[in-house]
Undergrad: 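To start, I am sharing the structure in question, which I have written as structure tokens.
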Protein chains: 2
Amino acid sequence: MATGRTHRPATRSRGIPEATVARLPLYLRALTALSERSVPTVSSEELAAAAGVNSAKLRKDFSYLGSYGTRGVGYDVEYLVYQISRELGLTQDWPVVIVGIGNLGAALANYGGFSARGFRVAALIDADPAMAGKPVAGMAVQHTDDLEKIIEENGVSIGVIATPAGAAQQVSERLIAAGVTSILNFAPTVLSVPDGVDVRKVDLSIELQILAFHEQRKAGEEAAAAASEPGSAVGGAAPAAAVVPPAGRTAAEARKGGPEGDVPAVMPA
Amino acid sequence: MATGRTHRPATRSRGIPEATVARLPLYLRALTALSERSVPTVSSEELAAAAGVNSAKLRKDFSYLGSYGTRGVGYDVEYLVYQISRELGLTQDWPVVIVGIGNLGAALANYGGFSARGFRVAALIDADPAMAGKPVAGMAVQHTDDLEKIIEENGVSIGVIATPAGAAQQVSERLIAAGVTSILNFAPTVLSVPDGVDVRKVDLSIELQILAFHEQRKAGEEAAAAASEPGSAVGGAAPAAAVVPPAGRTAAEARKGGPEGDVPAVMPA
DNA sequence: CAATCTTTGTGCACGCGTTCACAAAGGCAT
DNA sequence: ATGCCTTTGTGAACGCGTGCACAAAGATTG
């Protein structure tokens with residue numbers, strides 16, 4: 001289609017919706033699996049099933065990248081792998097540093113998924129002098145003192161923070177000052193960074209808490225179906241109200257009931 | 001406001017938007033920190049800043065839970081901690097099992113953020129017989145054979161999968177058959193589960209790929225600002241196009257150019 | 001007790017993302 | 001070459017989430 005497309009680059013190049021970008025790695029993974037099985041083409045329906053999304057959504061996502069795909073046939077697997085890789089910037093090599101080599105940092109260093117996708121762990125950095133020099137994932141841990149030097153010498157622009165929460169902000173500032181412009185943060189803190197720096201956060205306990213919310217809702221509905229006792233219906237198998245509300249309130253306490261009226265039941269008089 | 005609230009429970013109890021639920025743990029963390037510093041009250045503005053969100057959004061989020069908060073003053077920290085904990089189901093104890101005790105599984109087992117939030121690691125399970133009995137995080141690893149028994153005896157409803165991708169689907173099926181209804185999946189695969197089972201996925205490499213996309217865009221814009229050479233502008237410091245497009249295409253290849261016109265430059269004739 | 005000041009709670013509008021549904025496009029069989 | 005059949009690409013409608021802006025509520029001060 002080298003014919004009628006001279007006016008769209010600006011619209012599309014920066015116009016790929018964030019939600020679509022977040023799904024591209026998913027498609028890429030599914031396509032890679034198909035590629036390894038030497039499947040030549042896939043329909044949007046098949047690929048959508050493999051990636052766990054709606055086929056219409058997948059087609060719209062691909063439409064932002066361009067018109068790859070042949071009507072009546074589907075998409076060429078290899079070609080699409082290449083296009084998505086290129087769009088995501090995976091046709092080049094991204095050196096990353098991991099800061100904070102505790103349990104999680106070590107797990108990340110050993111994680112095969114990084115190198116498989118064009119990411120190269122350039123260095124492991126830790127603040128503990130006792131860690132310095134120790135081999136983790138076949139690589140010697142380096143001390144925080146050399147952070148700036150490491151970033152600059154390796155041209156690192158992506159940093160992974162796996163430190164305790166208390167150290168994260170300071171580490172991020174040093175990383176950014178040294179030239180890092182993208183951060184993947186595993187520390188349970190909100191990082192404040194200047195404009196132009198991207199931060200993505202992964203918080204393991206948050207995910208569990210979201211699951212707990214839904215789990216509780218399921219249990220609550222079950223119980224509500226059996227008996228509609230407002231005081232003790234919530235919290236299926238495990239004993240509810242292991243925590244009592246704090247006593248630090250005075251006026252507000254008496255005034256406000258819980259949302260369902262089940263709080264008074266567990267509130268101390 | 002204890003007066004006119006007799007018709008809302010149904011609207012609210014199941015009406016908390018998913019986006020709000022996902023932010024509650026964030027608020028909870030910020031509030032816990034304030035609580036430890038013995039701060040009695042916070043305004044929506046302050047709390048929003050601490051949680052890294054917009055204050056209007058925070059107030060709207062809280063409004064789904066009920067009318068906690070006092071106009072002119074703010075929110076009572078302790079009271080809010082309790083309300084959010086209760087809403088998230090953290091006032092009860094959730095036993096979880098971790099399946100797959102590799103680097104990541106071990107890191108999760110050692111992760112303090114779980115027990116701090118009402119989650120209790122009930123068991124560590126691995127398929128490798130050599131792992132069985134080994135202590136990880138002060139707990140003996142158990143073999144997959146006993147998975148069902150462990151789930152039932154401990155009343156586990158939340159499972160964490162940290163196995164290789166190939167084993168994840170089968171593990172999930174066994175977990176679900178044994179009674180688990182919520183799964184946190186770290187394996188890079190799409191799990192297909194029956195209705196009523198919640199799955200949340202965390203994929204470390206996907207997060208990095210999203211960062212790489214933005215990183216590439218930054219580099220591309222920089223380069224585009226300097227020179228507007230369409231063939232080689234993309235890919236700042238690192239050499240672009242380390243991967244060449246596959247040769248498996250015939251007709252489609254000639255027909256379709258890249259989105260910016262930069263594909264022809266790296267395509268083999 | 002009245003006036004003022006602070007901060008919540010929310011109605012409203014806007015924009016993004018999702019989904020439906022279908023016309024256009026291309027392969028394939030006859 | 002023609003018609004049929006499959007699948008893409010996308011216009012349009014819908015719904016959710018976000019942010020603004022303000023009225024209502026309560027504390028506080030004189």
Side-chain angles (χ1 to χ4, degrees), chain A residues 1 3-5 8 11-12 14-24 26-27 40-49 51-77 79-80 83 249-256 259, chain B residues 1-5 8 11-12 14-24 26-27 39-49 51-77 79-80 83 249-256 259:
Chain A
M1 213 221 256
T3 42
R5 186 146 38 70
R8 288 220 313 233
T11 311
R12 194 172 54 236
R14 63 178 59 217
I16 299 181
E18 194 55 35
T20 296
V21 173
R23 280 189 294 268
L24 290 181
L26 230 59
Y27 302 144
T41 60
V42 272
S43 67
S44 62
E45 205 70 49
E46 294 167 316
L47 184 55
V53 301
N54 183 299
S55 71
K57 195 188 296 190
L58 178 141
R59 286 199 299 278
K60 179 143 290 194
D61 282 343
F62 286 175
S63 80
Y64 292 118
L65 307 182
S67 278
Y68 314 137
T70 308
R71 297 176 190 229
V73 176
Y75 299 91
D76 183 291
V77 172
Y79 186 59
L80 206 45
Q83 288 297 345
R249 298 163 295 115
T250 54
E253 183 173 17
R255 225 171 297 123
K256 303 170 185 179
Chain B
M1 213 217 252
T3 43
R5 184 146 38 66
R8 289 221 312 235
T11 312
R12 193 172 54 234
R14 64 178 60 221
I16 300 182
E18 194 56 34
T20 295
V21 173
R23 279 188 295 268
L24 290 182
L26 230 58
Y27 301 144
V39 177
T41 59
V42 270
S43 67
S44 62
E45 205 70 49
E46 293 167 319
L47 184 54
V53 303
N54 184 298
S55 72
K57 195 187 297 185
L58 178 142
R59 286 198 301 274
K60 181 148 290 190
D61 283 342
F62 286 175
S63 79
Y64 293 118
L65 307 183
S67 277
Y68 315 137
T70 307
R71 298 179 190 227
V73 175
Y75 299 92
D76 183 291
V77 172
Y79 186 56
L80 205 45
Q83 288 298 345
R249 297 162 296 115
T250 54
E253 182 174 21
R255 229 171 293 123
K256 303 171 184 178

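Sequence lines set the chain letters: A, B, ... in the order given, protein chains first and strands last, and positions in each chain run from 1.
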Undergrad: Who passes salt bridge (charged side-chain N to carboxylate O under 4.0 Å, His left out) against B/Arg59, sequence neighbours left out?
TA: none

Undergrad: What is the separation between atom CG on A/Leu47 and atom P on D/dT7, rounded to the nearest whole Å?
TA: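 That distance rounds to 14 Å.
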
Undergrad: If the sugar-phosphate is the primed atoms plus P, OP1 and OP2 and the base is the rest, what is the B/S/- string for nucleotides 1-6 of chain C, using protein heavy atoms under 4.0 Å?
TA: -----B

Undergrad: Within the pair A/Ser44 and D/dT7, is there a side-chain N or O less than 4.0 Å away from OP1 or OP2?
TA: no

Undergrad: What pair of heavy atoms forms the shortest contact from B/Ser44 to B/Ser55, and how long is it?
TA: O-CB, 3.9 Å

Undergrad: Does A/Ala49 have any side-chain contact (heavy atoms from CB on, under 4.5 Å) partners at least two apart in sequence or in another chain, and if so, which?
TA: none

Undergrad: I want to verify a distance call: between D/dG26, C/dT8, C/dT18, whose nearest atom is closest to the A/Ala19 side chain?
TA: C/dT18

Undergrad: Whole Å only: how far is the NZ atom of B/Lys57 from the P atom of C/dT10?
TA: 18 Å

Undergrad: If I compare all heavy atoms of A/Val42 with all of A/Val77, which pair ends up nearest, and what's the gap?
TA: CG2-CG2, 4.0 Å

Undergrad: Please state whether the phosphate of C/dG17, meaning OP1 or OP2, lies under 4.0 angstrom from any side-chain nitrogen or oxygen of A/Tyr64.
TA: no

Undergrad: The side chain of A/Thr70 lies closest to which of these nucleotides: D/dA27, C/dG26, D/dG17?
TA: C/dG26

Undergrad: Can you check the B/Glu46 CD to C/dT8 C1' distance for me, whole Å?
TA: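 Nearest whole value for this atom pair: 14 Å.
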
Undergrad: Expressed as a whole number of angstroms, how long is the span from B/Asp61:CG to D/dC16:C1'?
TA: 13 Å

Undergrad: Considering residues at least two apart in sequence or located in another chain, which fulfil the side-chain hydrogen bond (donor to acceptor under 3.5 Å, both in side chains) criterion with B/Thr20?
TA: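 For B/Thr20, the residues satisfying side-chain hydrogen bond (donor to acceptor under 3.5 Å, both in side chains) (neighbours in sequence not counted) are B/Asp61.
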
Undergrad: Could you walk me through whether B/Leu24 and B/Leu65 pass the side chain to side chain contact (heavy atoms under 4.5 Å, CB included) test, one step at a time?
TA: CA-CA 10 Å; B/Leu24 290 182; B/Leu65 307 183; 4.1 Å; yes

Undergrad: Given D/dG26, D/dA21, C/dT8, which nucleotide is nearest the side-chain atoms of B/Ala56?
TA: D/dA21

Undergrad: Please list, chain by chain and in numerical order, all residues satisfying ring-ring contact (aromatic ring centres under 6.0 Å, His included) with B/Phe62, sequence neighbours excluded.
TA: B/Tyr27, B/Tyr75

Undergrad: So does A/Arg23 get a side-chain nitrogen or oxygen closer than 4.0 Å to the phosphate oxygens (OP1/OP2) of C/dT18?
TA: yes

Undergrad: Provide, to the nearest angstrom, the distance between the CZ atom belonging to B/Phe62 and the C1' atom belonging to D/dT18.
TA: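 Spelled out: CZ on B/Phe62 to C1' on D/dT18 is 16 Å.
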
Undergrad: Go through D/dT7, D/dG9, D/dG17 for me and flag the one nearest to the A/Ser43 side chain.
TA: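 Closest of the options to the side chain of A/Ser43: D/dT7.
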
Undergrad: Rounded to whole Å, please give me the gap between CG in A/Leu58 and C1' in D/dT8.
TA: 11 Å

Undergrad: According to a strict under-4.0 Å criterion, is B/Tyr75 in side-chain N/O contact with OP1 or OP2 of C/dG9?
TA: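 It does, given that an N or O in the side chain of B/Tyr75 lies less than 4.0 Å from OP1 or OP2 of C/dG9.
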
Undergrad: Kindly give the atom pairs (protein nitrogen or oxygen, nucleotide nitrogen or oxygen) under 3.5 Å for nucleotides 11-13 of chain C.
TA:
unit_1, atom_1, unit_2, atom_2, d
C/dG11, O6, B/Lys60, NZ, 3.2
C/dC12, N4, B/Lys60, NZ, 3.3

Undergrad: Could you state the CZ-P distance from A/Arg59 to C/dT18, rounded to the nearest angstrom?
TA: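 Distance check: A/Arg59 CZ to C/dT18 P gives 15 Å.
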
Undergrad: With sequence neighbours excluded, tell me which residues meet side-chain hydrogen bond (donor to acceptor under 3.5 Å, both in side chains) with A/Ser43.
TA: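 Here the qualifying residues are A/Glu46.
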
Undergrad: In terms of side-chain heavy atoms of B/Asn54, which of C/dG26, D/dC20, C/dG17 is nearest?
TA: D/dC20

Undergrad: Distance check needed: D/dG17 P versus B/Leu24 CG, whole Å only.
TA: 13 Å

